Engineer: 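Provided herewith is a single structure, encoded as structure tokens, for subsequent inquiry.
Here the structure is a predicted model, which is why all the values come from computation and not from measurement. Here is how names work: the chains are called A, B, and so on, in the same order as the sequence lines, proteins then strands, and each is numbered from 1.
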Amino acid sequence: MPVHNRDIAERFTRLANLLEIEGANPYRVRAYRNAARTIGGLSVDIADLVAKGEDLTRYPGIGKDLASKIRTLVETGELPDLAEVEKRVPTELSDLMAIEGLGSRGVKALYKRLGITGLDDLEEAARAGRIREVERFGEKSEHAILAEIEKLRGGAPERMRLADAEDVARPLVEHLTRAEGVEAIEVAGSFRRRKETVGDLDILVACADSGPAMERFVGFEDVAEVVSQGSTRSTVRLASGLHVDLRAVSPSSYGAALHYFTGSQAHNIAVRRRGVERGYKINEYGVFLSGGGEEPVAGAREEEVFERVGLPWIPPELREDRGEIQAGEQGELPELVTEDDLLGDLHAHTDATDGADSLRAMAEAAAARGYEYLAVTDHSKRVAMAHGLDADRLRRQMEEIDRVNDEGKGATLLKGCEVDILEDGSLDLPDDVLAELDLTVCSIHYQMNLPREKQTERVLRAMDNPHFRILAHPSGRAINERAPMELDMERIIEAAAARGCVLEVNAQPARLDLRDVDCRLARERGAMLALSTDAHSTDNLGLMRFAVDQARRGWVGPGSVVNTRDLGGLREALRRR
DNA sequence: GCCGTTTTCGGCCCGACTGTTTTCAGTCG
Ligand SMILES: Nc1nc2c(ncn2[C@H]2C[C@H](O)[C@@H](COP(=O)(O)OP(=O)(O)OP(=O)(O)O)O2)c(=O)[nH]1
Ligand SMILES: [Mg+2]
Ligand SMILES: [Mg+2]
Ligand SMILES: [Zn+2]
């Protein structure tokens with residue numbers, strides 16, 4: 001696999017940046033950025049699509065020209081347009097745009113006037129006080145640039161995991177709720193869309209007078225810096241480094257503002273374009289008639305905005321401009337799975353291996369959540385670090401499960417095991433003991449760096465075992481910690497669909513594996529999913545909502561999720577083909 | 001560069017905040 005989607009997206013982003021610095025047509029620049037966004041949000045590998053000769057123009061924002069450029073890039077590893085523009089302007093200029101407050105115009109001016117091409121040049125010029133000599137720069141921007149360089153040198157800024165963002169948001173929302181005159185408050189942006197990571201927090205408040213809320217916001221104890229402050233919008237940096245935007249509007253604009261601030265940017269643009277087509281101007285204050293007129297025709301509720309452009313209310317998780325608008329228009333928005341749909345959890349550990357709580361405690365905690373069943377899936381022996389089970393210990397655990405089930409106090413415990421998939425694709429326990437289980441959860445914990453073809457074969461071979469049921473944390477990634485394994489996920493999804501294997505959506509906040517886009521591909525290809533917490537304690541059972549988030553972002557409905565079924569239905573759904 | 005139950009050409013979302021702007025460009029949401 002020579003060219004990853006990520007590489008293709010990065011090249012087009014670079015091309016867009018350099019063209020913008022050169023002063024190219026901004027809509028052409030936007031077209032390249034859109035293409036980068038589309039490609040970055042794909043589950044299938046573009047290189048595979050090209051190899052199969054598929055028509056790339058079926059993807060929105062990719063026309064004949066871009067399709068041909070992509071094909072060239074995949075086949076030759078080269079993007080001739082990028083090579084061309086790099087002959088005219090230094091490619092490092094694109095990286096300078098990562099500096100906050102520095103855009104294409106600023107970079108161009110610094111390059112033309114001072115010959116600055118990289119971070120080192122920029123720092124030197126700033127220290128020498130030469131930046132302020134350039135038009136549209138001054139003392140303040142010069143200092144700001146130095147500060148930003150400092151931050152950038154301290155390591156690339158990471159996006160924050162959604163679960164961590166919740167912990168940051170909670171006290172801040174609590175703090176703002178107590179501001180005078182706040183009638184409604186919501187964390188919007190990527191947080192509301194439930195993206196796996198967030199770049200910042202975007203908080204919206206409704207109030208007649210924004211003053212008290214804004215003051216309270218910048219006065220929050222964790223604020224390290226007030227980046228900007230106005231009457232309707234302020235931005236702060238928290239001690240953790242996370243930025244927070246607060247937007248304040250009157251209650252009559254709350255719906256329009258919530259729509260605006262929830263995004264995504266691409267979704268907003270698409271909805272606003274529909275507005276233009278229908279004679280409206282849509283902004284964060286409401287929907288207005290294009291001809292002018294001060295009075296909005298809608299704005300208090302989010303539904304009104306959609307209604308004006310002929311759409312039903314679209315769940316935030318879908319608002320990525322990835323087909324939700326067309327689906328809404330045609331009345332074909334998917335029914336999305338909810339936490340209430342789930343009748344059990346199919347991946348959990350106990351104190352027999354690396355879990356914190358007993359079988360009995362886990363069964364009772366599952367019942368307290370209203371579950372009908374809980375699969376106990378402790379590690380197999382290969383995972384020695386977790387004191388994994390051999391056949392004997394697993395059999396003793398099965399006996400204990402029988403006893404706990406007989407007591408009938410908790411949810412029904414299913415006999416399972418998280419069986420390690422060994423390097424050759426065989427499973428870590430003998431078939432005879434696996435045959436005694438209700439289900440297996442199979443996963444890779446070692447040798448995660450095999451080449452793509454081998455790693456894919458390893459998983460497919462594991463599926464050959466008739467006792468294989470669920471593929472757990474399929475990519476093995478840990479967000480901000482460990483890259484996913486090299487895998488042909490499309491092949492794995494297709495194999496799962498064909499052979500009656502189930503793919504897990506692991507709810508551990510660092511995993512979220514499958515990803516949203518993989519969930520969507522799985523649904524499209526007819527593979528079944530299991531939403532599971534991989535709980536290592538009774539509390540961990542409560543992580544389920546994070547798996548639900550990503551499944552919903554993947555357009556997944558209850559029908560594609562095995563643990564929406566009752567025990568009888570589940571056993572049916574887990575039958576192998 | 002993309003795209004079309006108005007269009008195959010001529011549009012392409014719309015607004016807040018900052019700084020050096022002397023009347024608004026640049027950057028960002
Ligand atoms: N109409 C419009 N809305 C925008 C634009 N840029 C951002 N927004 C809206 C939609 C975004 O979801 C919202 C918050 O902006 P952010 O930059 O924080 O993006 P978002 O939260 O979606 O992603 P993030 O995880 O923060 O990178 O503001 C834009 O160019 N036009
Ligand atoms: Mg955001
Ligand atoms: Mg933001
Ligand atoms: Zn596990």
Engineer: Roughly how far apart, to the nearest Å, are B/dG15 and B/dC9 at atom P?
Structural biologist: 31 Å
Engineer: CD of A/Glu139 versus C1' of B/dT20: gap in Å, rounded?
Structural biologist: 12 Å
Engineer: Within the structure shown, what part of the strands sits under 4.0 Å from A/Glu135 by heavy-atom distance: base, sugar-phosphate, or nothing?
Structural biologist: nothing
Engineer: What contact category does A/Gly263 fall into here, base, sugar-phosphate, or nothing, at under 4.0 angstrom with non-hydrogen atoms?
Structural biologist: nothing
Engineer: Give the rounded distance in Å between these two atoms: CD of A/Glu148 and C1' of B/dG26.
Structural biologist: 16 Å
Engineer: Using the six-membered ring of A/Phe191, assess whether NZ or CZ of A/Arg194 lies under 6.0 Å from its centre and within 45 degrees of the ring axis.
Structural biologist: yes
Engineer: Atom CG of A/Asn17 and atom P of B/dG26: how far apart are they, to the nearest Å?
Structural biologist: 17 Å
Engineer: Using atom CG of A/Asp202 as one end and atom P of B/dC28 as the other, report the distance to the nearest whole Å.
Structural biologist: 15 Å
Engineer: Can you confirm whether A/Glu78 sits close enough to A/Thr72 that some side-chain heavy atom of one is under 4.5 Å from a side-chain heavy atom of the other?
Structural biologist: no
Engineer: Quick check for you: to the nearest 0.5 Å, what is the distance between A/Asp45 atom CG and A/Arg6 atom CZ?
Structural biologist: 10.0 Å
Engineer: Specify the separation, in whole Å, of atom CZ of A/Phe217 and atom P of B/dG29.
Structural biologist: 13 Å
Engineer: Between C1' on B/dG29 and CZ on A/Arg193, what's the gap in Å once rounded to a whole number?
Structural biologist: 12 Å
Engineer: Mind listing the N/O atom pairs, protein and nucleotides 3-5 of chain B, below 3.5 Å?
Structural biologist:
| from | atom 1 | to | atom 2 | distance (Å) |
| --- | --- | --- | --- | --- |
| B/dC3 | OP1 | A/Gly61 | N | 2.7 |

Engineer: So A/Lys69, base contact, sugar-phosphate only, or nothing? Heavy-atom distance under 4.0 Å.
Structural biologist: sugar-phosphate
Engineer: Assign a letter to each nucleotide of nucleotides 10-18 of chain B from its 5' end: B, base within under 4.0 Å of a protein heavy atom; S, sugar-phosphate only; -, no contact.
Structural biologist: --BBBBSSS
Engineer: Considering the options A/Val236, A/Val223, A/Val226, which one meets the side chain to side chain contact (heavy atoms under 4.5 Å, CB included) requirement together with A/Phe217?
Structural biologist: A/Val236
Engineer: Base, sugar-phosphate alone, or nothing: which one does A/Ile99 contact when heavy atoms must sit under 4.0 Å apart?
Structural biologist: sugar-phosphate
Engineer: Using whole Å, report how far CZ of A/Arg136 lies from C1' of B/dT22.
Structural biologist: 11 Å
Engineer: Using a heavy-atom cut-off of 4.0 Å across all strands, would you classify A/Thr235 as base, sugar-phosphate, or nothing?
Structural biologist: nothing
Engineer: I need the minimum non-hydrogen distance between A/Pro171 and A/Phe220, along with the two atoms involved.
Structural biologist: O-CE1, 4.0 Å
Engineer: I'd like the C1' distance from B/dC13 over to B/dG29, given in whole Å.
Structural biologist: 12 Å
Engineer: Could you tell me which nucleotide pairs with B/dT8 by Watson-Crick or G-U wobble geometry, both distances under 3.5 Å, or answer none if nothing does?
Structural biologist: none
Engineer: Suppose you measure atom C1' in B/dT7 against the same atom in B/dC2; what distance do you get, rounded to whole Å?
Structural biologist: 14 Å
Engineer: Take atom C1' in B/dT6 and the same atom in B/dG1, then report the distance between them in whole Å.
Structural biologist: 22 Å
Engineer: Write down the distance separating the C1' atoms in B/dC17 and B/dC12, rounded off to the nearest Å.
Structural biologist: 25 Å
Engineer: Using atom C1' of each nucleotide, how far apart are B/dG11 and B/dA16 to the nearest Å?
Structural biologist: 26 Å
Engineer: Less than 3.5 Å apart, which donor and acceptor atoms pair up between the side chains of residues 267-276 of chain A and the rest of the protein, not counting sequence neighbours?
Structural biologist:
| from | atom 1 | to | atom 2 | distance (Å) |
| --- | --- | --- | --- | --- |
| A/His267 | ND1 | A/Glu324 | OE2 | 2.8 |
| A/His267 | NE2 | A/His259 | NE2 | 3.1 |
| A/Asn268 | ND2 | A/Tyr260 | O | 2.8 |
| A/Arg272 | NE | A/Ile282 | O | 3.4 |
| A/Arg274 | NE | A/Val309 | O | 3.1 |
| A/Arg274 | NH1 | A/Glu329 | OE2 | 3.1 |
| A/Arg274 | NH2 | A/Val309 | O | 2.8 |
| A/Arg274 | NH2 | A/Glu329 | OE2 | 3.4 |

Engineer: Do A/Arg233 and A/Asp245 meet the salt-bridge criterion of a basic N to acidic O distance under 4.0 Å?
Structural biologist: no
Engineer: Using the P atom on both, measure B/dC28 against B/dT23 and round to a whole Å.
Structural biologist: 24 Å
Engineer: Can you confirm whether A/Glu481 is buried at CD, in the sense that more than 12 heavy atoms of other residues, nucleotides or ligands lie under 6.0 Å from that atom?
Structural biologist: yes
Engineer: Go nucleotide by nucleotide along DNA chain B from the 5' end; which of A/Ser141 and A/Tyr32 gets its closest nucleotide reached first?
Structural biologist: A/Tyr32
Engineer: Using whole Å, report how far CD1 of A/Ile145 lies from C1' of B/dG26.
Structural biologist: 12 Å
Engineer: Between A/Thr262 and A/Arg192, is there a side-chain donor-acceptor contact under 3.5 Å, judged purely by atom types and distance?
Structural biologist: yes
Engineer: Measuring only the C1' atom in each nucleotide, how far is B/dA25 from B/dT20? A whole number of Å is fine.
Structural biologist: 11 Å
Engineer: So, do A/Arg515 and A/Ser475 sit near enough that their side-chain heavy atoms are less than 4.5 Å apart?
Structural biologist: no
Engineer: So, A/Arg33 and A/Asn17: side-chain donor and acceptor under 3.5 Å apart, yes or no?
Structural biologist: yes
